[in-house]
Amino acid sequence: MQLNPAQQAAVEHRGSPLLVLAGAGTGKTRVITHRVAALMDEGVPPWRILAVTFTNKAAAEMRARMEKMCEGKVDVSQLWVGTFHSISARILRRHGESVGLSRNFAIYDTDDQTRLMKRVFKELNRDEDQVKPRAILGHLDQLKNRGLTISQVEQLGLEGFMTRLVALLGRRYEELLRAADAADFGDLLVLAVKLLEKAGTEQPRPGAQLVDVDPVIGLKRRFLHVVVDEYQDTNPVQARLVELLSGRAQLCVVGDDDQAIYGWRGADVSQILGFPDQRPGCELIRLEQNYRSTGHILRCADAIIRRNEGRLGKTLWSELGDGSLVTLRACEDEREEARFVVNEILDALNEDIPAEEIAVFYRTHAQSRVIEQQLTDRGMRYAIFGGLGFFERKEIKDTLAYLRLLQNPNSDLDFTRIVNEPARGIGDTTVGRLTALAANRNVSLLTIARAPEEAGVSGAAAKRLHAFVAMIDELAARLHAGVPLGQLATEVLERTGYRDALVHEGSDEAEARVENLDEFVGALTDFVQEHPDQTLADYLEQVSLVADADGGGRGEVRAVRLMTIHSAKGLEFEKVILTGMEEKVFPHSRVIAGEDAAREEGRRLRPEERAQIEEERRLAYVAVTRAKRQLVITWAKRRRLYNQEFIGTPSRFVRDLPPDSVRGRVPGVVRREAMAVPQGLSLPSAPPRAPAPVRESSWNSDIVYDEGVAAPARRGPAAVGGDAPALYKGMAVRHRQYGEGTLVGWDGTGSNVKLAINFPGVGVKTILARFCEPL
DNA sequence: GGTGAACCTCTTTTT
DNA sequence: GAGGTTCACC
């Protein structure tokens, strides 16, 4: 296929910065690969080209495509292709000494971070009930995303409980990280930036030779071309990193403001919006011809995204024709939804759509369970993207912790993780004593464990510790003797008794874990074979940066894909089934809460609240534009989620769909949001009925549906007449004695429903529903 | 002092 | 439904 004129221009532009605004499905990846290939054709050495992607998956795909394109002509392995994090890690591995990291530093994932922060809480005597360790880490990460250090925040003099707490705990957390020779995800970016910024600031000594020049300076001058994908999702540090690495380079960024979905992670859309203005001579090229989706799908996408304000604006068009209508389906509950999803999958398979071209999307991981269950029941294979990956399983993390500890004796976190795993009689009290002395002397736990008596550990516990240390030393000696990694892992699992402990447990679960361990050893062996020159540190890095386990080729290739919409970014499928399209599921309740609060307080939305809702809308846009030929959208009138029953109203995004492009009636105006209903409240499976007239004095008058879509909550407490009360917080209610009040909650079932009502001047009263009437 | 069983809470999205 | 925490028992 030929490139279209806009794509061609983006491939060929040289000389000044370039922004490619690429709508969904407009051939963005093609442009990037062609551009890089063209550069190499022109004689730019591959090692002087840097391509940054957002996910490892995208990086791998790009590399693969490039290899295919340049077969034999150029050594593609010389290209720098990777995510921001992997590129930073690579730089720090080589030059990280000056920012306090050795060659073998560890990368801590979210789980490691939490464990470390919990330790800080304990050490500084902080109560986890007031502020959660994760919350502190969240704030800390936001700082890092913006490129701020704790000292800078303190200098800003931002007073406030949270700021002070973050500073206090964060500082100690960082100290412990450095002491353990480790970096978290945020550090990778921040430290790489710090390293690059520092380089070249010191005046060269008189008479310095070329060999004395800081190699990091070379890195800043190295690249002649830098291409950044998904630029709309970069945060300020990432943008800074790009800046620093393209000192000499021509910079080309590619992205789509309508697909910015990582604001919550510190990404800043204004960076792509403002890109041309900040760079003189910057060229802007729009890609608007969509090659992916058929007309009805595109129209649905446009109907959703056009309601956002503050976008650069693009109109996608396609030559693929209208295609089939988008299916919209109202389901009774999440189980029926799951059954429907499976039937849709079967239909697609019968139409000879390959399984891996069928995807099921949901807003949150929690929604996947019901669908997985249904797929399993019907004997269908599926592959989950994201979520708890292979490398996040306990047994794998434990094994990795052993390996990391062998590699890096300072890694206290790994020490505490496995010192009593499997149980070997070294409990909390003992570890507590070690930790106290270790903190006091500022040495590692393993060091203290060598002489536990000094920490006040005696008798049996001390003996066990000696044995443990001896075992670790032995294994570490094996590592340094150059035993192949697969072999080393096997020895670790044998020698530590980890494997035996699982085997003896005998449960199905334990058996599965043993299988996972075998698989892990196998993967490690494969890795060594494929990359004979790489070390354990290299392997560990790869593992910690690859979030999902799809790269392992572990069988599930020909399977239906299940994933959150976030992980669907950048992918495309013949058939997409978008589930859970209800208010409070999608858009997520956390976001709607802002709207509710604003309504209650009678004020307009704050900018950040509005921004969150617009981000959800962009997420919906991303979901819809993943579909090539078939799109199915489902919502459930009832849903059990988080062990709670919800009544569902169709998502606003569903209501925005153009009726002419949809099979199945698009729900009409819904003026009240979905709400949680206490378990046990009987909910209807009544056939669709004509909607109740608006503002009729009946409990559900606030929900109006078009004919053809069943209204939820038709039946309810018998006492209130034929029609059911659709209860919602904030609802106006009258009581004979207390007068008018607002509903704040309810409890009970049937005719025993009790309402909690707030009466002005009286306070909250609990009253049986039948003594109240809706207003 | 350590271990296991019963109870409790908390649920967005990812490198 | 999973993870953590508390408690009672070895």
Side-chain angles (χ1 to χ4, degrees), chain A residues 52-59 82-89 107-111 113-115 118 128-129 132-134 138 141 144-145 183-189 230 233-235 237-238 260-267 361-370 372-373 385-389 391-394 420-433 456-462 464 505 509 541-548 563-570 580 584-593 612 615-616 618-620 622-623 640-644:
Chain A
V52 190
T53 60
F54 203 69
T55 63
N56 293 291
K57 214 182 293 168
T83 64
F84 285 103
H85 290 87
S86 69
I87 285 164
S88 301
I107 300 171
Y108 279 7
D109 68 7
T110 320
D111 184 56
Q113 289 182 51
T114 313
R115 283 160 24 90
K118 283 190 168 180
E128 285 189 23
D129 290 340
K132 297 265 176 297
R134 287 218 188 251
D141 200 49
K144 290 180 183 178
N145 287 335
D184 64 20
F185 288 130
D187 286 340
L188 292 178
L189 304 173
E230 309 279 14
D233 282 323
T234 54
N235 61 39
V237 215
Q238 290 168 330
I261 55 173
Y262 283 98
W264 54 273
R265 211 171 86 182
F361 295 169
Y362 33 79
R363 175 74 231 288
T364 63
H365 288 300
Q367 291 162 250
S368 75
R369 220 197 71 249
V370 199
E372 287 183 61
Q373 185 67 55
F385 278 52
L388 249 201
F391 292 104
E392 284 155 293
R393 292 178 196 176
K394 182 184 175 342
N420 202 29
E421 195 69 57
R424 44 174 79 92
I426 304 171
D428 290 345
T429 317
T430 303
V431 175
R433 286 183 181 154
V457 177
S458 57
R464 294 181 189 126
E505 203 180 301
E509 200 198 324
E541 172 173 325
Q542 200 204 315
V543 164
S544 26
L545 292 177
V546 174
D548 38 79
M563 65 190 83
T564 64
I565 304 167
H566 279 89
S567 39
K569 192 177 84 157
K584 294 209 171 177
V585 176
F586 189 21
H588 193 269
S589 56
R590 283 267 257 261
V591 170
I592 290 185
Q612 283 189 323
E615 184 154 309
E616 293 283 304
R618 291 193 293 268
L619 194 58
V622 168
R640 245 186 113 70
L641 198 61
Y642 309 136
N643 208 15
Q644 220 191 354

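The sequence lines fix the lettering, A, B, ..., with proteins before strands; numbering per chain opens at 1.
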Nearest 0.5 Å, what's the CG-OH distance between A:Leu188 and A:Tyr108?
13.0 Å
Can you tell me how far [atom2] of [N] sits from [atom1] of [X], to the nearest Å?
X        : N      : atom1 : atom2 : answer
A:Arg115 : C:dT5  : CZ    : P     : 12 Å
A:Glu230 : B:dT14 : CD    : P     : 14 Å
A:Phe586 : B:dT11 : CZ    : P     : 21 Å
A:Asn235 : B:dT13 : CG    : P     : 19 Å
A:Arg134 : C:dG4  : CZ    : P     : 9 Å
A:Tyr108 : B:dT15 : OH    : P     : 21 Å
A:Lys118 : C:dG3  : NZ    : P     : 12 Å
A:Met563 : B:dT13 : CE    : P     : 15 Å

For a quick test of reading the model: is some side-chain N or O of [X] closer than 4.0 Å to OP1 or OP2 of [N]?
X        : N      : result
A:Arg590 : B:dT12 : yes
A:His365 : B:dT14 : yes
A:Ser86  : B:dT15 : no
A:Arg369 : C:dG1  : yes
A:Thr110 : B:dT14 : no

Side-chain (A:Asp187) to main-chain (A:Asp184) donor-acceptor, under 3.5 angstrom:
yes
With a 4.5 Å limit on heavy-atom distance, are the side chains of A:Glu616 and A:Arg363 in contact?
yes
Close side-chain approach of A:Lys144 and A:Phe185, heavy atoms under 4.5 Å
no
Using heavy-atom distances to pick each residue's nearest nucleotide on DNA chain B, tell me which of A:Asp141 and A:Lys132 is more 5'.
A:Lys132
Show the distances under 3.5 angstrom between N or O atoms of the protein and N or O atoms of nucleotides 1-3 of chain B.
unit_1, atom_1, unit_2, atom_2, d
B:dG1, OP1, A:Arg433, NH1, 2.4
B:dG1, OP1, A:Arg433, NH2, 2.1
B:dG1, OP2, A:Arg433, NH2, 3.3
B:dG2, OP1, A:Gly427, N, 3.2
B:dG2, OP1, A:Thr430, OG1, 2.4
B:dG2, OP2, A:Thr429, OG1, 3.1
B:dT3, OP1, A:Gly425, N, 3.1
B:dT3, OP2, A:Asn420, ND2, 3.0

Does A:Tyr262 reach a base, just sugar-phosphate, or nothing at all? Heavy atoms under 4.0 Å.
sugar-phosphate
Have a look at A:Arg363 and say if it touches a base, only the backbone sugar-phosphate, or nothing, with a 4.0 Å heavy-atom cut-off.
base
List the residues meeting side-chain hydrogen bond (donor to acceptor under 3.5 Å, both in side chains) with A:Thr53, not counting sequence neighbours, and say none if there are none.
none
Stacking check: are the rings of A:His566 and B:dT12 less than 5.5 Å apart at their centres and under 30 degrees in tilt?
no
Are side-chain N/O atoms of A:Thr364 and A:Gln367 paired as donor and acceptor at under 3.5 Å?
yes
Quick check: closest heavy atoms across A:His566 and A:Ile261, and the distance to 0.1 Å?
NE2-O, 3.2 Å
